[in-house]
S.K.: 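Okay, here's the structure, questions in a sec.
Just the heavy atoms: all of them, side chains too, but no hydrogens, waters or symmetry mates, feed the values below. Predicted model only: the values in this text are computed from it and were never measured. Labels below follow one simple rule: chain letters A, B, ... track the order of the sequence lines, proteins then strands, and each chain is numbered from 1.
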Protein chains: 2
Amino acid sequence: MGRKRTKSGKIRLAEVAELAGVSPITASRFFRNPEALSVAKRTRVESAARELGYVPNLAARALASQRTEVIGVLIPSLTNNVFSDVLRGIYDASENSRYSIQLSNTRYSILQEEKLLRLFLAQKPAGLIVTGIDQTTESRAMLEAADCPIVQIMEIGPNPVDMMIGFSHFDAARAAIAHLFAQGHRKIGFVGARMDPRVQRRLDGYVAAMKDAGLHDQRLIVTTATPTSVTLGGALFADLLARESGIDSVFCANDDLALGVLFECRRREIAVPEQIAIIGFNDLEFMASSVPTLTSVRTNRYEMGSTAAAMLIEAIEGKRPEEPVLDLGFTVIERQSSQAQRAAASSRAPEWAPAVQNDSVTNDP
Amino acid sequence: MGRKRTKSGKIRLAEVAELAGVSPITASRFFRNPEALSVAKRTRVESAARELGYVPNLAARALASQRTEVIGVLIPSLTNNVFSDVLRGIYDASENSRYSIQLSNTRYSILQEEKLLRLFLAQKPAGLIVTGIDQTTESRAMLEAADCPIVQIMEIGPNPVDMMIGFSHFDAARAAIAHLFAQGHRKIGFVGARMDPRVQRRLDGYVAAMKDAGLHDQRLIVTTATPTSVTLGGALFADLLARESGIDSVFCANDDLALGVLFECRRREIAVPEQIAIIGFNDLEFMASSVPTLTSVRTNRYEMGSTAAAMLIEAIEGKRPEEPVLDLGFTVIERQSSQAQRAAASSRAPEWAPAVQNDSVTNDP
DNA sequence: AGGATCGTTGACAGCGCTACCAGCAACGAC
DNA sequence: GTCGTTGCTGGTAGCGCTGTCAACGATCCT
């Protein structure tokens, strides 16, 4: 097999072209735009490539074409369960595409995000997925100047840089509070940690709902910048109880905190939901199987990731969506921890039905 | 600023060299091996690069040097909390290096792993991190033929391909059972899900310990190939109880299952640890704050990731570790859920001390 | 003094692929 | 018949960087 000056057994596009009896550029086209070839050449190149076990050299491709096939993803945390679901969606959706994912962790710092963004943009990514809508002015300018499609994920808001997919944390929080109101609760506490922009907007939604009902009281709100955890949920709830009495329910900014609150109630022998109702946020898997089962606001995290990646890839290939902003919504999943008091007596055992509610499990292939 | 044939404002190495008054190759050396330059030229190139805002073109570099600065990482799951800790370690350790992480999800399939491995290897990665020691023969051969450093993570065993970092799941399971024996438990159930090779080895450790004590009974073991979840823990435990009576304790192959078992006990009003003791595996954060707090086997997941990446980078740069196999060990963290029966009466409240035990929280930057 | 060695620098020649443009045959419109 | 037009193919010329080798002066040794 007559190679020219290539060393040991490396298969270049030139070898494939030679075996197929076409020019290198024709072989190249086969990989990028097969429809442009006549059927005869197409099959010849295809079988030659297979026979030689040809694998394209991505570095050479990137250098020659002046663009990469990399999708950059900027997320604020690798620890948070929420992001692992989103990421799984992103990886799944990109898996059978030509694009590869380049992930970076901003650690909830918009300055770090700006730095990483600069790094990414310098490599001319094919597309970018960024978290949230609270970039620095500088980041925002870079994103707007970038000549690749961009998807903002996790929430929606005005002025998308390009595309946007998420839901309204403000509305979701309002819905959570509305649910508690409907169950007869009035003195609703708020427990939040980390306080990133999305948690902040959940707090805003809570405050708005409470104000609308004339029930707002700053002393019902306990927050901290500390990263969230189950343990922290218990501690913050303890703070809340120490500060204020007569609280009948708690809205937790995420499910880990809610579980912590539940445990703290158990520790103090506070009956849930009879004495205190609990509602969490995100609807992680365990919420459906705790005792009592925990009410939460379900968010479509996996879909957020997979749809974002799918939209991005479509846009890279020229098929922009007609509607660039996609609201994935949320659902309040009512469970025992927030049932109205009259129903509470019979709520201990019968309604537990994991088979119906653990759908988040089945997403994992 | 006299550029030759370059279009709009793109800064190449040649521009930097020109401004610094050196040849391009000298400028190139500044980025790869600054010590080889005289101090004078070094500072000249440095300031020129900064002034022009030069960012190297990675594709060109990869093409010219015939190697990439990519570390490939193959993990079996993006959902599992365990891997998100490992990943965080990997990303943190690689963050300030020149290497970037390329992540792929094998979904617990060694065939998928083989396919991804082939893909990775074709791009000549600088190094590779693979999960576990159960590759296909073909994968094994590819790994051994690869001309880059490789770290196997998550467990240790004989015949490392190259480097290896983890701990013995077999020994860790034995230690868990030994702990239960020490607390006076004899009829110890095993609850496992997913049953990947590492969970299988935990089961092997359990079986070995039970056999040594003359207590082995196949009916005490409940497993499923289904992905793990809290809900599933409860369901499997229910199966176990239905099948066998007189069980005094349960070893759960991971913490999610353990939490599910705890909830199932609560649902059935089985006192923990008085009637049933529970021990989990991994020591996730919530284990320290449940009620009762849950005993678990702590594993060093973040360190596993960060050390693996650090070792790999060292090896890529020529500094191989003197000892290629690193055992990170494990620790049985005793909590209320496995306390001996005599002590159980006083175990309800006093020993709960989250401040001491929630160290996994502080790892998150 | 002559030779060997070291540290520093530069010239040259690609790495493997694709953008760009040109060429050619086949076809239809005028 | 001439002139586009379309569909397919190939030649040329790099993309921006680094491996290799050679050259040079300075230093050290015999």
S.K.: I'd like to know whether the aromatic ring centres of B:Y54 and B:F31 sit less than 6.0 Å apart in this structure.
M.R.: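 Between B:F31 and B:Y54, which both carry aromatic rings, the centre distance is below 6.0 Å.
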S.K.: Would you kindly give the CD-to-C1' distance between A:E69 and C:dC17, to the nearest whole Å?
M.R.: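 Value for this atom pair: 12 Å.
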S.K.: State plainly whether the residues B:E46 and B:R42 are in salt-bridge range, i.e. N to O under 4.0 Å.
M.R.: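 Salt bridge absent between B:E46 and B:R42.
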S.K.: Any carboxylate oxygen within less than 4.0 angstrom of a Lys/Arg side-chain nitrogen, looking at A:R67 and A:D147?
M.R.: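 Answer for the salt bridge query: no.
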S.K.: With sequence neighbours left out, what residues match B:E314 under side-chain hydrogen bond (donor to acceptor under 3.5 Å, both in side chains)?
M.R.: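 Result, side-chain hydrogen bond (donor to acceptor under 3.5 Å, both in side chains) vs B:E314: none returned.
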S.K.: Do A:L128 and A:L121 come close enough that some side-chain heavy atom pair is under 4.5 Å?
M.R.: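 A:L128 vs A:L121: side chains touch.
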S.K.: Using whole Å, what does the distance between atom P of nucleotide D:dG16 and atom CZ of A:R67 come to?
M.R.: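 So the CZ-P distance, A:R67 to D:dG16, works out to 15 Å.
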S.K.: Between atom CG in A:L58 and atom P in C:dG16, what is the gap in whole Å?
M.R.: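 In whole Å, C:dG16 P lies 14 Å from A:L58 CG.
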S.K.: Nearest whole angstrom, please: distance from the C1' of C:dC15 to the CG of B:N57.
M.R.: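 Checked: the CG to C1' distance equals 13 Å.
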S.K.: Looking at C:dG16, D:dC17, C:dT18, which one has an atom nearest to any side-chain atom of A:S65?
M.R.: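 Minimum distance to the A:S65 side chain belongs to C:dT18.
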S.K.: Roughly how many Å is it from NZ in A:K124 to P in D:dG16, rounded to a whole number?
M.R.: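 To the nearest whole Å, that distance equals 7 Å.
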S.K.: Expressed in angstrom and rounded to an integer, what is the separation of A:Q66 atom CD from C:dC20 atom P?
M.R.: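 So the CD-P distance, A:Q66 to C:dC20, works out to 10 Å.
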S.K.: Which residues within residues 22-38 of chain A lie with some heavy atom under 4.0 Å of an atom in DNA chain D?
M.R.: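 Within residues 22-38 of chain A, the residues near DNA chain D are A:V22, A:S23, A:I25, A:T26, A:R29, A:A36, A:L37, A:S38.
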S.K.: Starting from P on D:dG16, measure out to CZ on B:R12 and report it in whole angstrom.
M.R.: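 Distance check: B:R12 CZ to D:dG16 P gives 5 Å.
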S.K.: Can a side-chain donor-acceptor contact be found between A:T136 and A:E114 if the only test is distance below 3.5 angstrom?
M.R.: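 Yes, A:T136 and A:E114 have a side-chain donor paired with an acceptor closer than 3.5 Å.
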S.K.: Which residues in residues 39-48 of chain B have a heavy atom closer than 4.0 Å to any atom of DNA chain D?
M.R.: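 Those residues: none at all.
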S.K.: Can you figure out which of D:dC17, C:dT18, D:dC15 approaches the side chain of A:R61 most closely?
M.R.: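 Selected nucleotide (nearest to the side chain): C:dT18.
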